[in-house]
Engineer: 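Next up is a structure, given as structure tokens.
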Amino acid sequence: MPFNRIILVDDDEISNFLSISLIRKIDPEIEIIPFKNGKEALDYLKNEGLSKRKSNLILLDIRMPVMNGFEFLEEIRNTNLKIKDSMRVVMLSSSDNPRDLEKAKSFEVLGYINKPLKEESISTYLSLAG
Amino acid sequence: MEDDFFGLLTTNKWPPRWVCGEWTSLHGWFYILSDLSIGLAYFTIPFILFYFIRKRKNNLPFVQIFWLFILFILACGATHFVDAALFWFPAYHLSGVILFITGIISWVAVIGLVKVLPEALQLKTTDELEATVLTRTDELQESNKKLREINSDLDNFVYAASHDLKSPINNIEGLVAMLKSTDKKDLADEVFQKIEQSVSKVRYTIDQISSVVKIQRTEEQDVGEVSFDKVLAEVLEENVNMVATAKPQIIRDFAIDSIHFSHTTLKSIMYNLVTNALKYRSTERDLEIQLRTFSKENHTYLSVEDNGLGIDLNQNKDKLFSIFSRFHDHVEGSGIGLFMVKRLVEKRGGNISVASEENKGTTFTVKF
């Protein structure tokens with residue numbers, strides 16, 4: 001079963017606007033929830049009831065105020081909630097800095113997309129099993 | 001032999017020492033062997049010195065003194081050999097001349113030693129050298145550490161700056177692609193607006209970066225006695241709109257009323273600390289900003305305390321003063337202010353510390 005929800009974590013509103021319209025073009029039905037930073041996304045995922053849990057594809061920016069992408073991943077890694085079983089993470093960042101790529105790898109993310117998001121780079125992940 | 005050129009080898013004017021006075025065999029040989037023993041030792045020392053000079057090559061201080069000493073000791077040795085020879089060959093002229101030459105060489109050696117003495121006293125013992133090396137090493141390590149800090153600062157700066165420039169440019173790239181593929185007027189208008197927004201973001205970031213670069217370069221041009229109260233008034237004047245919105249109660253407690261410092265720098269510091277207090281105020285209570293100056297252990301301190309949102313220092317202490325770091329996203333900010341304040345303060349030998357509690361407030365303390 002493909003992912004049935006996309007959680008977009010990025011403080012850049014224009015980038016979110018672009019990502020959402022691009023994903024909509026590929027799959028007009030899919031649910032997309034944007035968050036401005038890692039903390040908001042984390043709180044949401046933690047508070048969500050188990051029954052409502054869906055398979056999530058998380059598109060995660062790195063540099064964000066309050067809680068950045070790596071801090072978010074760290075929190076997820078340390079949490080004992082089962083949310084980590086229902087999600088896969090793809091980094092979505094302007095950074096092509098090797099230290100960010102290395103760090104992302106250490107969290108065993110599904111993928112790393114350099115902005116701007118393009119149709120061909122996201123469509124592969126959307127069709128993957130969640 | 002009778003009348004050689006200097007009469008040096010004349011021996012017939014004196015009796016050999018054996019027959020001059022009453023020598024017993026024991027006393028005579030005791031005298032002779034002692035002379036020979038001294039002469040032999042004196043002739044051996046120059047070899048050792050010579051060997052030493054050769055081995056040390058260019059790495060020997062006062063090498064002339066060593067040569068002089070070799071000569072001196074050879075001459076001394078010669079006097080003892082001649083003295084022993086007098087028992088059979090009473091060449092007292094020769095002996096006198098050798099003694100004379102030895103006397104001259106000895107005095108040259110004395111003068112030479114006196115001359116190099118002050119310099120020789122400056123020579124360091126191994127222990128002293130070691131201590132010097134240790135101090136130097138410490139100093140090097142210290143400056144190395146500073147360089148590494150600067151390097152990593154620069155690294156972070158380039159990383160953050162390039163990221164913050166790339167983001168809006170990536171957005172423009174995406175927006176332009178979108179514009180190409182749409183024929184809807186409404187969407188196109190929206191996209192144009194977002195392109196404009198992104199362009200001004202690029203401009204804003206570039207302005208911020210150049211302000212950082214500029215501040216790094218400020219020389220101490222406007223150093224003088226600067227009044228805290230006056231600088232605060234200037235800062236508030238420049239932020240009159242923000243002050244009108246935030247309506248802070250400002251408490252001034254300037255026990256030290258002025259400081260010998262760069263006016264621009266002090267203003268930059270106060271500007272950033274005060275506008276932070278104005279920006280990150282709590283909506284739950286009236287904003288109160290307390291500015292204090294005081295003196296402790298010969299240093300002047302400035303503290304700026306607010307009752308605003310506060311920061312979770314457990315999580316963010318390291319990031320607080322790093323460039324482009326932001327902790328609140330509800331108001332505009334560049335993430336540059338505190339980084340600059342730290343750089344400015346540290347550049348002039350001071351430091352900045354922070355105490356904060358979430359939802360209670362924050363206090364920044366600058367040590368000048």
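Lettering follows sequence order; numbering is per chain, from 1.
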Engineer: Taking atom CG of D286(B) as the centre, does the number of heavy atoms from other residues, nucleotides or ligands within less than 6.0 Å exceed 12?
Structural biologist: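 Counting neighbours around CG of D286(B), 12 or fewer heavy atoms of other residues, nucleotides or ligands fall under 6.0 Å, so no.
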
Engineer: Step through the shown structure and confirm whether more than 12 heavy atoms of other residues, nucleotides or ligands are within 6.0 Å of CD on Q193(B).
Structural biologist: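 Atom CD in Q193(B) is not crowded, with 12 or fewer foreign heavy atoms closer than 6.0 Å.
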
Engineer: Please state whether the side chain, the backbone, both or neither of S162(B) comes within less than 4.5 Å of a heavy atom of chain A.
Structural biologist: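 Neither part, no heavy atoms under 4.5 Å.
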
Engineer: Could you check which of K118(A), R99(A), E13(A) has the highest count of heavy-atom pairs closer than 4.5 Å to chain B?
Structural biologist: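 Of the options given, most contacts go to R99(A).
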
Engineer: Over all heavy atoms of both residues, which pair between I14(A) and K194(B) is shortest? Give the atoms and the distance, please.
Structural biologist: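 For I14(A) and K194(B), the tightest heavy-atom pair comes out as CD1-O, 3.5 Å.
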
Engineer: How about CZ on F192(B), more than 12 heavy atoms from neighbouring residues, nucleotides or ligands closer than 6.0 Å, or not?
Structural biologist: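 Result for CZ/F192(B): open.
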
Engineer: Is the count of non-hydrogen atoms from other residues, nucleotides or ligands lying under 6.0 Å from D189(B) atom CG greater than 12?
Structural biologist: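 Yes, CG of D189(B) has more than 12 neighbouring heavy atoms, counting only those of other groups under 6.0 Å.
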
Engineer: Taking S167(B) as the fixed residue, which of D61(A), D11(A), D12(A), D10(A) is the one that meets the side chain to side chain contact (heavy atoms under 4.5 Å, CB included) rule?
Structural biologist: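 Exactly one candidate clears the test, D12(A).
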
Engineer: Would you say R203(B) has more than 12 foreign heavy atoms packed within less than 6.0 Å of its CZ?
Structural biologist: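 Not more than 12 within 6.0 Å, no.
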
Engineer: Look up atom CE in M178(B) and atom CZ in F17(A), then write down how far apart they are to the nearest 0.5 Å.
Structural biologist: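 Atom-to-atom, M178(B):CE and F17(A):CZ are 4.5 Å apart.
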
Engineer: From H163(B) NE2 over to S95(A) OG, what is the distance, rounded to the nearest 0.5 angstrom?
Structural biologist: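 The distance works out to 6.5 Å.
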
Engineer: Given heavy-atom pairs under 4.5 angstrom as the criterion, report whether the side chain, backbone, both or neither of L187(B) touches chain A.
Structural biologist: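 Interface part for L187(B): side chain.
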
Engineer: Nearest 0.5 Å, please: how far is CD in E173(B) from CG in L18(A)?
Structural biologist: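 Spacing of CG (L18(A)) from CD (E173(B)) equals 10.0 Å.
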
Engineer: Tell me, for N68(A) versus chain B, whether the close heavy atoms (under 4.5 Å) come from the side chain, the backbone, both or neither.
Structural biologist: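 Answer is side chain: those atoms of N68(A) sit under 4.5 Å from chain B.
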
Engineer: For the atom pair CG (D164(B)) and OG (S94(A)), what is the distance rounded to the nearest 0.5 Å?
Structural biologist: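 Going from the CG atom of D164(B) to the OG atom of S94(A) covers 9.0 Å.
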
